[in-house]
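Data block below; observations after.
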Amino acid sequence: MGYPRHVAETVEVLISAKNVPVYAHPGDAGADLSSAEQLVLAPGQRATVGTGVSIALPAGYVSFIVPRSGLASKHGITVVNSPGTVDAGYRGEIKVTLLNTDSDHEFAIAVGDRIAQMIVMPCAQARFVSVEKLPESERGDSGFGSTGLAAHAESK
Ligand SMILES: O=c1ccn([C@H]2C[C@H](O)[C@@H](COP(=O)(O)OP(=O)(O)OP(=O)(O)O)O2)c(=O)[nH]1
Ligand SMILES: [Mg+2]
């Protein structure tokens with residue numbers, strides 16, 4: 001019996017890059033982006049780092065730039081504006097604003113190091129329809145931890 005196999009949607013994305021983002025494994029959601037720059041992030045420092053990658057997403061798609069979990073857990077490196085949003089119409093270089101959250105250790109980046117990953121997703125654009133009153137829902141205006149144990153018990 002074979003493992004059920006669902007072939008994910010693939011979409012053609014035009015790219016201009018020296019280092020094309022790489023999916024480490026078949027079916028991965030994130031393709032690794034590498035640095036086009038050499039730099040050192042001091043403890044607590046942030047920097048906007050070039051990737052040398054420019055893309056043309058098809059209309060109706062978005063790319064999100066998100067941190068790599070290994071860099072986050074081992075070195076405290078994150079993406080400040082995660083998920084960074086690459087609009088379909090953007091043709092400039094994709095840059096990654098990294099933050100070294102480690103309070104003691106600097107983090108050195110060499111050209112070609114994988115610094116973040118990009119996810120390509122279909123994305124709807126809303127047609128905002130103004131109304132006087134929104135339709136009712138079970139959640140209503142509860143949020144911000146409303147389903148936490150204590151709050152949940154109180155509300156029962
Ligand atoms: O991590 C990121 C986020 C954005 N961008 C590029 C692609 C995106 O389409 C553009 C604008 O991003 P965003 O809308 O998040 O920034 P903004 O501050 O609103 O700038 P703008 O006024 O240009 O929209 O910058 C990146 O290269 N990396
Ligand atoms: Mg914007």
Side-chain angles (χ1 to χ4, degrees), residues 6-135 137 139-147:
H6 300 276
V7 178
E9 178 186 5
T10 62
V11 62
E12 206 165 84
V13 174
L14 303 179
I15 187 163
S16 166
K18 269 192 230 133
N19 284 319
V20 174
V22 176
Y23 291 102
H25 299 287
D28 277 1
D32 290 329
L33 281 166
S34 54
S35 178
E37 303 175 27
Q38 183 188 338
L39 71 155
V40 175
L41 286 175
Q45 190 190 357
R46 73 168 182 272
T48 297
V49 182
T51 63
V53 171
S54 303
I55 59 174
L57 290 162
Y61 283 81
V62 62
S63 177
F64 291 127
I65 310 300
V66 295
R68 296 186 64 216
S69 58
L71 290 184
S73 65
K74 288 181 203 143
H75 304 287
I77 299 299
T78 191
V79 175
V80 176
N81 57 322
S82 180
T85 304
V86 179
D87 300 286
Y90 181 69
R91 298 290 178 271
E93 180 185 15
I94 293 176
K95 295 183 181 177
V96 182
T97 301
L98 293 175
L99 170 67
N100 181 3
T101 66
D102 196 291
S103 44
D104 299 321
H105 300 99
E106 64 180 30
F107 184 72
I109 297 170
V111 174
D113 283 357
R114 295 173 297 157
I115 53 172
Q117 51 188 332
M118 62 184 293
I119 297 171
V120 173
M121 292 183 68
C123 177
Q125 200 175 47
R127 181 169 46 84
F128 295 105
V129 180
S130 292
V131 292
E132 290 295 323
K133 190 173 182 303
L134 295 173
S137 76
R139 174 178 281 272
D141 59 4
S142 305
F144 304 96
S146 67
T147 59

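As a basis for the values below, the full set of heavy atoms in this structure was taken, side chains included, without hydrogen atoms, waters or symmetry mates. Every number for a ligand or one of its atoms is a count from 1 in the order of the listing.
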Using a 3.5 Å distance criterion without hydrogens, assess whether the side chain of [X] forms a donor-acceptor pair with backbone atoms of [Y].
X: Asp28; Y: Gly30; value: no
X: Ser63; Y: Ile119; value: yes
X: Thr51; Y: Ile94; value: yes

Q. Run the side-chain contact (heavy atoms from CB on, under 4.5 Å) check on Ile77 and Ile109 step by step: do they pass?
A. CA-CA 11 Å; Ile77 299 299; Ile109 297 170; 6.0 Å; no

Can you find a protein heavy atom closer to [atom] than 4.0 Å?
atom: atom 20 (O) of ligand 1; value: no
atom: atom 1 (O) of ligand 1; value: yes
atom: atom 12 (O) of ligand 1; value: yes
atom: atom 9 (O) of ligand 1; value: yes
atom: atom 23 (O) of ligand 1; value: no

Q.
For Ile55, run the side chain to side chain contact (heavy atoms under 4.5 Å, CB included) check against Val13, Val120, Leu14 and tell me which one passes.
A.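 Of all the options given, the one that passes is Val13.
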
[Y] side chain reached by [X] side chain, heavy atoms, under 4.5 Å:
X: Leu98; Y: Val79; answer: yes
X: Ile15; Y: Val53; answer: yes
X: Arg114; Y: Val22; answer: no
X: Arg91; Y: Ser16; answer: no

Q: Select one of side chain, backbone, both or neither to describe which atoms of Asn81 lie under 4.0 Å from any atom of ligand 1, heavy atoms only.
A: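 Answer for Asn81: side chain.
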
Q | atom 27 (O) of ligand 1 - nearest protein heavy atom and its distance | A |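 The closest one turns out to be Lys95 N, 3.0 Å.
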
Q: Around atom 14 (O) of ligand 1, find the nearest protein heavy atom and jot down its residue, atom name and distance.
A: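 For this ligand atom, the closest protein heavy atom is Asp87 OD2, 3.9 Å.
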
Would you mind listing which atoms of ligand 1 come within a distance below 4.0 Å of any non-hydrogen atom of [X]?
X: Val86; value: 7 (C), 8 (C), 9 (O)
X: Gly84; value: 1 (O), 3 (C)
X: Thr85; value: 3 (C), 4 (C), 5 (N), 7 (C), 8 (C), 9 (O), 12 (O)
X: Glu93; value: 27 (O)

Q) Ile94: heavy atom below 4.0 Å from ligand 1, yes or no? A)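 Contact present.
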
